[in-house]
Number of protein chains: 2
Amino acid sequence: MTDIPPTLTALTAYLLSKVGKTARGRVAARLGERDLRFWHMSMLAALADFGPHSQRELGARLGIDPSDVVKALDELTAAGWAERTRDPADRRKVRVVVTPEGRAALAGMVRDTEALQDELLAPLNPRERARLHDLLLKVFDRP
Amino acid sequence: MTDIPPTLTALTAYLLSKVGKTARGRVAARLGERDLRFWHMSMLAALADFGPHSQRELGARLGIDPSDVVKALDELTAAGWAERTRDPADRRKVRVVVTPEGRAALAGMVRDTEALQDELLAPLNPRERARLHDLLLKVFDRP
DNA sequence: ACCAATGATTGGTGACAACCTACAATATTT
DNA sequence: AAATATTGTAGGTTGTCACCAATCATTGGT
């Protein structure tokens, strides 16, 4: 009775949408237990992987509106995970850096996400998981 | 500059979430050109694939709150794509059936979605697309 | 006949994401 | 010097989504 219409499951776009939504939902739920949100991890990852950003760079990289970057950074700095300092060369800009505590927090979030990912991909063996990752990466690189 | 942090792209859960979101967004955009939404297609598909439903059955199958089913069906019936008739055996229930116009509309939505899917999966060859579909199906079947 | 359960319906709520405007400070161009 | 552009910031709007409570009609059981 709870079967899903084959007309829908025959569409890869439908499966992508649905599976993606549950993935997003579960990650959000697990992070939410510690009052964290998805973009906490995204921003910390951007700062950790690519070094300091201005706020506009951060927003551009992650596809977030500059005004929303402000609010997000307010939380990150309040938590001691990122620091805002004025760029001496261009005092309009803010130089955002991740703190050691921020890196530690990021590592924790990544671990949590990986644990959850294991549950989500339970029906797949290691080879299949790698294959899925590869395929998704190809699609992802072409927005 | 618009590169995505490798810390994130290394997570399959992140890719699923992101790719799923763009898939959902694009389908919504294309359907939206004709003032259609995602659940229009879902409901019509459920009715077409499994025959008449009561509204509660519909909601249970698609994971939609019964009260939202009411609102959605209001639109479907207004468009002439579904019909509500009282179940003579149990006059509490509403027997929902899809009309021929509804089937035609569904076919159009499926075609649109498939066309869009071709764009989305452009980086993959046919064999890879089939493989991706298979893998997603396995993950999807295990919620 | 009465009572509890079920189905449909109405009318909300709260969370959240995406976006937009206005503005102050600073830089750049003319 | 003056005009223009960029950056961060504050504040608000919008739409969507999922969910909830109350209500009414109908059914089935006792």
Side-chain angles (χ1 to χ4, degrees), chain A residues 1 17-18 20-29 31-33 35-43 47 52-78 82-97 143, chain B residues 1 17-18 20-29 31-33 35-43 47 52-78 82-97 143:
Chain A
M1 170 53 62
S17 167
K18 278 299 184 190
K21 189 166 191 175
T22 69
R24 184 177 196 81
R26 294 220 192 160
V27 173
L31 294 181
E33 295 173 5
D35 286 323
L36 300 174
R37 305 209 185 291
F38 208 75
W39 45 260
H40 282 118
M41 183 165 60
S42 303
M43 287 201 169
L47 294 171
H53 289 63
S54 78
Q55 295 190 183
R56 275 200 129 73
E57 286 169 343
L58 251 184
R61 185 185 297 283
L62 300 173
I64 304 177
D65 190 87
S67 69
D68 294 324
V69 174
V70 176
K71 302 158 190 166
L73 268 184
D74 285 346
E75 292 193 35
L76 288 189
T77 54
E83 279 173 0
R84 281 195 255 224
T85 57
R86 284 284 159 186
D87 183 339
D90 184 343
R91 297 183 35 77
R92 290 172 305 182
K93 295 186 182 176
V94 166
R95 181 182 155 93
V96 184
V97 293
Chain B
M1 170 54 61
S17 167
K18 277 299 184 190
K21 189 167 192 175
T22 70
R24 184 178 196 80
R26 293 219 191 160
V27 173
L31 294 181
E33 295 172 5
D35 287 322
L36 301 175
R37 305 208 186 289
F38 207 76
W39 46 258
H40 282 119
M41 184 164 60
S42 303
M43 287 201 169
L47 294 172
H53 289 64
S54 78
Q55 296 190 186
R56 275 204 127 71
E57 286 169 341
L58 251 185
R61 185 184 298 284
L62 301 173
I64 302 177
D65 190 87
S67 69
D68 294 324
V69 175
V70 176
K71 300 157 190 165
L73 267 184
D74 286 345
E75 292 192 35
L76 287 188
T77 54
E83 280 174 0
R84 280 196 256 225
T85 58
R86 285 284 159 186
D87 184 337
D90 185 341
R91 295 182 38 76
R92 289 171 304 181
K93 296 186 183 177
V94 167
R95 182 183 155 94
V96 185
V97 293

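In what follows, every chain begins at residue 1, and chains take the letters A, B, ... in the order their sequences are listed. Keep in mind that this is a model prediction, so the values were computed, not measured.
- Rounding to whole angstrom units, CZ of residue A:F38 and C1' of C:dA17 are separated by 13 Å.
- Contact annotation: the side chain of A:M43 approaches that of A:L62 to within less than 4.5 Å [non-hydrogen atoms, C-beta and beyond].
- Of the listed nucleotides (D:dC17, D:dG8, C:dC19), C:dC19 has the atom at the smallest distance from the side chain of A:S67.
- Between the side chain of B:D68 and the base of D:dC17 there is no donor-acceptor pair of N/O atoms closer than 3.5 Å.
- Where A:R91 and A:W39 each meet DNA chain C at their nearest nucleotide, the meeting point lying more 5' is that of A:W39.
- For the pair B:R56 CZ and D:dT27 P, the computed distance is 16 Å after rounding to whole Å.
- Proximity note for A:S54 (side chain, C-beta onward) versus C:dA17, D:dG8, C:dA8: the nearest is D:dG8.
- Listed candidates were D:dG8, C:dC19, C:dT26. Nearest to the side chain of A:D90 is C:dT26.
- Note on B:R37: a side-chain N or O is less than 4.0 Å away from OP1 or OP2 of D:dT16.
- The separation between A:I64 atom CD1 and D:dG8 atom P is 14 Å, rounded to whole Å.
- Per the geometry, CD belonging to B:E57 stands 11 Å off C1' belonging to C:dG7, to the nearest Å.
- Between A:K71 atom NZ and D:dT13 atom P the separation is 12 Å, expressed in whole Å.
- Remark: A:R84 is in phosphate contact with D:dT9, judged by side-chain N or O atoms under 4.0 Å from OP1 or OP2.
- When each of A:Q55 and B:P88 is assigned the nucleotide of DNA chain D bearing its nearest heavy atom, the one mapping closer to the 5' terminus is A:Q55.
- Of all nucleotides listed (C:dC19, D:dG8, C:dA8), D:dG8 comes nearest to the side chain of A:K93.
- Judged by distance alone, with hydrogens and angles left aside, the side-chain atoms of B:R95 form no donor-acceptor pair with the main-chain N or O of B:D87 at under 3.5 Å.
- Separating the CG atom of B:L73 from the P atom of C:dT9 is a distance of 8 Å, rounded to the nearest angstrom.
- Across all non-hydrogen atoms, the minimal contact from B:V97 to B:L47 is C-CD1, 4.4 Å.
- Regarding A:D65, its CG atom lies at a distance of 14 Å from the P atom of D:dA10, rounded to whole Å.
- Proximity of A:R92 to the phosphate of C:dA27: no side-chain N or O atom is located under 4.0 Å from OP1 or OP2.
- One can place CZ of B:R86 at 6 Å from C1' of C:dA8, the figure rounded to the nearest angstrom.
- Counting any heavy atom pair closer than 4.0 Å across all strands shown, B:V94 reaches sugar-phosphate atoms only and no base atom.
- OP1 and OP2 of D:dG8 both lie 4.0 Å or more from every side-chain N or O belonging to A:R95.
- Atom CZ of A:R84 has more than 12 heavy atoms from other residues, nucleotides or ligands within 6.0 Å.
- Ionic pairing of B:D68 and B:K71 is present here: one or more N-O contacts between side-chain nitrogen and carboxylate oxygen are shorter than 4.0 angstrom.
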